[in-house]
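Everything below concerns the one structure shown next.
Atom set for the values below is all heavy atoms of this structure, side chains included, hydrogens, waters and symmetry mates excluded. Within every chain, numbering begins at 1; the chains are lettered A, B, ... in the order of the sequence lines, protein sequences first and strands thereafter. Small disclaimer: the values here were computed from a predicted structure and weren't measured.
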Amino acid sequence: MEELNPEQLKVVTTTEGALLVLAGAGSGKTKSIIFRTAYLINHLKVRPWNLLVVTFTNKAAKELKNRLENTFNIYTHNLWIGTFHSICTRILRREKDFLPFNANFSIYDAADQKNVFKKVFKALDIDTKRFPINQVINNISKQKNSLIRAEDFFLFNEQNYYTEIVEKVYRQYQKTLLENNSLDFDDLLLFTAFLFDENESLIEKYANLFKYVMVDEYQDTNYAQFKIINYIAKRHGNICVVGDDDQAIYSWRGANIKNILNFEKDYKNVVKIKLEQNYRSTENILNLANSLIQNNSQRFEKNLWSNIKSNLMPDLMVVENEHDEAKFVADELLKLKLEENINFVNSVILYRTNAQSRVFEKIFVNKNIKYQIVGGVNFYQRKEIKDIIAYLRILVNPQDNESLLRIINFPTRGIGKKTEQRLLDRAVALEINLFTAISSLPKEKDSKQFSPKIIKFAEQLSSWQIISKENTIIYLIEQILADTGILKKYENSDDIQDISRSENLYEFMTAASEFTEQFEEDFQRKPELSDFLQSITLHTDLDSYNENADSVKLMTMHNAKGLEFENVFVVGLEDGLLPHSRSLENDNAMEEERRLLYVAITRAKKRLVLTYTRFRRIYDFAEPTFPSRFLSELDEKYINKISAHFYDFQAPRHKQRAKKNVVLESKKCFRIGQTVNHIKFGKGKILSVEGDGKEAKLTISFSTGMLKKIMGNFIELI
DNA sequence: CCACGTTGTGTTTTT
DNA sequence: CACAACGTGG
């Protein structure tokens, strides 16, 4: 306890009643939560299972558990620690009797979700041009996060041609999920909240169980999450929330910053504690961050300070294009390694969009710099992994038609669209699910209508289901891969992509066996297949990355929340990227973009380098860019501006890529550089020609500044 | 029924 | 450019 400063100590020992902790970046927030948990258990003798601790990521939960075990000798396997989603899943499985689905439900990720939506759109014959599918998905997700169910839709939304369609889709979508005994991520929260709303006895039960409640990153909770916690904690009022309004970066997924701003109104006699000393960053870095964030309007008054002195000044670097940017960062890293013997392990590159990682990857491979990309395409979202997961899902949850349809003809076993329809018809006629419709075939007398291929598949399904109940997970996976020939097919292929797929499948088996080991240690029993499936759908890349490996980490600024690094490179600081173009018109969104940069900067302990480019390739063309407007808000006292002129780049500038359709000069009607006229767009210059004759596709830069691709037919030469 | 080629379309951030 | 959806020939 001597390690704690007076404010932190107060957080730890104020256990009764409602507590609001406003914890600035690097102020020892995690430490306070750990000590508080340990204090409750070891000092006040609270039973571990009477505590509920909600963290933002699985990784944070895992770390918390480890520290409690290693430093405080606390058995953590009966402690309720986890993300909202994993805790809700646990509650839903326990309280299945109160729910319309059973405990074997599948959890659909974003990709599964989109597939269902596509089917719903088709079934309802909705025009995706007028109703963009992603927009509708987003809308419905927002409804769910605000605890608005399909049947209550018009109580909260005005009726017009658009909302009428959304409501229809919402209804049909939920109906389909229910038929599949499946939930999406938002449903995990929604159903838990309504579980409490509709069953007084359950509120009683969980309020009694969770005598003390703690929520981390409270500024990024949404309404559904607020309600869930409120149901549990409002009776006894023993709730401690920790957060920083300046680090709220998830409003786009329904998080409401008002949850933390209004906490003092939601609970009685709230004690408010501010943690304002930053133990992470140097004074220069912190002052720089402060000069940025003070431009935001909606925030608690605070004074975050650091007394870590350093001669190092944050750098701002301007470079020609994204290749030079990557090259500059790579060279800086190599320089640090060579001159100051600093390893890659404590360095990170932070960017706004996942797509920005590609250039860095390329150059790091080139220069032999070890790196890890955290996030982006999740391991469990890869095609080959989703395929094997689909096999496993239908064995746990035979109602999961979506998963079954995914693999009904993968690998190809001669079940095409026609046969698929016949099987679906059979299921509907007999009022059974597709799984049963298939697996019951061999016992049927009329099975001769179906080809031996399908009978074989049916027999396989049955045999796997038996294995899934009697054998280990890893054995089941091996068996499925062998019976279907999937692994062999990939291994024997000449395509490098297939080889990599086979490697991923091996990695999946490793993951399964590691999971089994860990689970047995944690819970002292063998895991069910459903335990495994639950853990992987709620798993994120961040949860498992190796932070100690001597490699540079690459991730989005969102993923960096809660982390810290010695050396931080924040790249792509251009208008349109950060702030992102889709946030430009909206004041609230702009403030969130600013907070995002604030989060990125405050990850740095010692070295901070910010970069932006003059040109960046978007689609196919290098376009001129403008420095992020946030850069002008940074206090010049705390930043060192470096110009690209001082840096010797060898990389070729703006190399023109060869066009695919090269046409003989003699056949051309149009040539690059010619001035032309268009009826609507006026005068312009030809920038490129694809194809020949009048049919050629021309890229024309019009005098209005517009860039267009137009057929030669519509163009007249001047 | 399937493999392959062509056309069209679209990019924020994630549990 | 990168990937998904569609169409065609085997």
Side-chain angles (χ1 to χ4, degrees), chain A residues 54-61 82-89 107-111 113-115 118 122 128-129 132-135 137-138 141 144-145 183-190 217 220-222 224-225 248-255 350-359 374-378 380-381 383 409-420 451 453 497 534-543 555-561 572 576-584 586 589 592-593 595-597 599-600 616-622 657 659-660 697 709:
Chain A
V54 185
T55 58
F56 197 69
T57 61
N58 293 307
K59 178 174 180 274
T83 61
F84 271 104
H85 290 86
S86 63
I87 282 170
C88 287
T89 305
I107 302 171
Y108 282 1
D109 67 17
Q113 185 188 41
K114 194 165 181 179
N115 285 335
K118 276 183 193 158
K122 215 169 227 171
T128 48
K129 289 247 163 59
I133 201 154
N134 286 327
Q135 208 181 78
I137 293 176
N138 246 312
S141 173
K144 289 185 174 184
N145 287 327
L183 287 84
D184 66 20
F185 283 134
D186 299 323
D187 285 340
L188 297 174
L189 307 175
L190 180 96
E217 306 282 8
D220 278 325
T221 51
N222 61 35
Q225 293 165 333
I249 53 177
Y250 281 95
S251 74
W252 50 272
R253 88 177 185 203
L350 300 178
Y351 37 76
R352 176 68 234 266
T353 65
N354 283 304
Q356 286 168 260
S357 68
R358 285 193 52 215
V359 197
V374 182
V377 186
N378 187 316
Y380 294 104
Q381 286 163 8
K383 184 205 171 291
N409 198 31
F410 179 86
T412 52
R413 50 172 70 89
I415 304 181
K417 280 274 162 295
K418 269 267 159 58
T419 326
E420 188 183 304
S451 85
K453 296 173 195 164
Q497 206 183 356
Q534 178 194 317
S535 106
I536 58 183
T537 21
L538 295 179
H539 177 280
T540 72
D541 222 30
L542 195 64
D543 300 330
M555 63 182 86
T556 61
M557 301 177 192
H558 282 91
N559 263 331
K561 186 157 97 150
L577 258 186
L578 185 74
H580 196 271
S581 50
R582 298 178 68 141
S583 306
L584 291 176
N586 179 325
E592 182 148 313
E593 296 286 307
R595 289 194 291 268
L596 197 52
L597 179 56
V599 167
R616 186 174 290 272
R617 184 173 294 238
I618 300 166
Y619 299 108
D620 219 358
F621 287 97
R657 234 160 9 93
K659 290 283 170 213
K660 274 173 203 159
K697 265 197 216 163
K709 273 199 176 177

Considering just the side-chain nitrogens and oxygens of T419(A), establish if one lies under 4.0 Å of OP1 or OP2 belonging to dC1(B).
-> yes

For the side chain of R253(A), starting at C-beta, report the closest nucleotide among dA5(C), dT15(B), dA3(B).
-> dT15(B)

Interatomic distance at C1', dA4(C) relative to dT13(B), whole Å | 22 Å

OP1 or OP2 of dT11(B) sitting under 4.0 Å from any side-chain N/O of R582(A)?
-> no

Options dT13(B), dA4(C), dT15(B), nucleotide nearest the side-chain atoms of K118(A) | dA4(C)

Should S86(A) be listed as having a side-chain N or O under 4.0 Å from OP1 or OP2 of dT15(B)?
-> no

Choosing from dC2(B), dT15(B), dT14(B), which nucleotide comes nearest the side chain of T412(A)?
-> dC2(B)

Under 4.0 angstrom, heavy atoms only, what part of the nucleic acid is N354(A) near: base, sugar-phosphate, or nothing?
-> sugar-phosphate

Could you check whether Y250(A) and the base of dT13(B) form a stacked pair, meaning centres closer than 5.5 Å and planes differing by less than 30°?
-> no

At under 4.0 Å, does any side-chain N or O of N222(A) touch on OP1 or OP2 of dT15(B)?
-> no

Residue-phosphate contact under 4.0 Å: N134(A) side-chain N/O, dT11(B) OP1/OP2 = yes

Taking for each residue the nucleotide of DNA chain B with the nearest heavy atom, is it N409(A) or H580(A) whose nucleotide lies nearer the 5' end?
-> N409(A)

Ring centres under 6.0 angstrom apart (W252(A), H558(A)) = yes

Do the side-chain N or O atoms of K561(A) get closer than 4.0 angstrom to the phosphate oxygens (OP1, OP2) of dT13(B)?
-> no

If you check the R358(A) side chain, which of dA4(C), dA2(C), dT13(B) turns out closest?
-> dA2(C)

T556(A) side chain, from C-beta outward: closest of dA3(B), dT13(B), dT11(B) = dT13(B)

Does a donor on one side chain and an acceptor on the other come within less than 3.5 Å for S251(A) and E592(A)?
-> yes

Please confirm whether the backbone N or O of G375(A) pairs with a side-chain atom of N354(A), one donor and one acceptor, at under 3.5 Å?
-> no

Give me the ring orientation class for H539(A) and Y380(A): parallel if the planes are under 30° apart, tilted from 30 to 60°, perpendicular past 60°.
-> perpendicular

dT15(B) phosphate, OP1 or OP2, under 4.0 Å from T540(A) side-chain N/O | yes

Answer whether the closest heavy-atom distance between the side chains of L578(A) and M557(A) falls below 4.5 Å.
-> yes

Looking for any heavy atom pair under 4.0 Å, which part of the strands does N559(A) touch: base, sugar-phosphate only, or nothing?
-> sugar-phosphate

